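Side chains included, hydrogens not; waters and symmetry mates left out as well; all remaining heavy atoms used. The structure presented is a predicted model; accordingly, all values stated were derived computationally and were not measured.
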Amino acid sequence: MATNKKGQSAAIRFGPALKAFFLCFLIAGSAVGYVWQKSQIYELGREIRQEEIHLLQLKHDNERLTDQLAVLRSPMMLDQRARTLNLGLVPAQPAQVYRLPEPILRSMQDNLARQIAGRQGDAPLMQ
């Protein structure tokens, strides 16, 4: 007996069409996601390269400024700059220099006393 197509439900007639639509939608969504992901990877790589170039430039600037600071701090340069500005600076006379003894901290004295006492206790007994 032949079946009548009019008696079939709508879900059975449109089922294969819906499956094909969802499969196409899944493939198209995956393709769009793949392209978006590759685009993001490219953009992040470009940003990383720019930041590396910027970091390298900052390192070069830092080296240059460090060298410039060393030159400006040199005694010869300071002396020349003081003469140029007519500041009237002269080296200190020996009578103007006061030398202060370095204070010994209390804890350092205690440590020294303990070390000396320890060494005396380690000495072999002579009989």
Side-chain angles (χ1 to χ4, degrees):
M1 230 191 214
T3 58
N4 189 358
K5 289 190 176 186
K6 287 186 179 181
Q8 292 178 349
S9 69
I12 295 174
R13 282 189 285 177
F14 293 116
L18 287 175
K19 286 180 185 177
F21 174 74
F22 284 126
L23 185 61
C24 289
F25 183 73
L26 180 66
I27 292 171
S30 296
V32 168
Y34 178 78
V35 170
W36 177 78
Q37 184 181 19
K38 288 295 183 180
S39 168
Q40 290 298 310
I41 290 171
Y42 174 77
E43 286 295 320
L44 288 174
R46 190 175 57 80
E47 287 178 20
I48 288 172
R49 279 192 303 275
Q50 286 177 348
E51 293 300 322
E52 286 174 347
I53 290 169
H54 186 242
L55 179 63
L56 190 60
Q57 181 183 7
L58 288 175
K59 284 181 180 180
H60 287 305
D61 289 347
N62 194 19
E63 288 175 7
R64 181 181 53 82
L65 291 172
T66 301
D67 293 342
Q68 184 180 2
L69 181 62
V71 168
L72 291 174
R73 283 185 172 176
S74 69
M76 188 172 66
M77 185 62 134
L78 289 173
D79 186 44
Q80 178 186 0
R81 186 82 172 142
R83 284 188 196 133
T84 305
L85 296 175
N86 293 325
L87 297 177
L89 298 174
V90 293
Q93 299 299 322
Q96 295 174 324
V97 177
Y98 293 104
R99 304 248 183 236
L100 299 176
E102 190 71 30
I104 297 177
L105 299 176
R106 186 71 170 165
S107 62
M108 291 177 76
Q109 287 176 342
D110 293 342
N111 267 346
L112 184 61
R114 280 189 220 134
Q115 287 175 358
I116 292 173
R119 286 186 187 156
Q120 290 174 353
D122 292 341
L125 296 173
M126 300 186 111
Q127 294 180 5

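Its side chain outside the 4.5 Å cluster rule for every partner, Ile41 clusters with none of the Ile, Leu, Val, Met, Phe, Trp and Tyr residues. Membership of the apolar cluster around Ile27 extends to Leu23, as traced through chained side-chain contacts below 4.5 Å between ILVMFWY residues. Under a 4.5 Å side-chain heavy-atom cut-off, the cluster of Ile, Leu, Val, Met, Phe, Trp and Tyr residues that includes Val71 is completed by Leu72, Met77.
For Leu89, the side chain to side chain contact (heavy atoms under 4.5 Å, CB included) criterion is met by Ala82, Leu87, not counting sequence neighbours.
For the salt bridge (charged side-chain N to carboxylate O under 4.0 Å, His left out) condition, no pair includes a residue of residues 17-38, sequence neighbours left out. Under the side chain to side chain donor-acceptor pair (under 3.5 Å) criterion, the residue pairs touching residues 75-99 are Asp79-Arg83, with sequence neighbours excluded. Screening residues 43-71 for side chain to side chain donor-acceptor pair (under 3.5 Å), with sequence neighbours left out, gives Glu43-Arg46.
Side chain of Ser39 to backbone of Val35: no donor-acceptor contact under 3.5 angstrom is found.
For the atom pair CD1 (Ile48) and CG (Leu55), the distance works out to 12.5 Å, reported to the nearest 0.5 Å.
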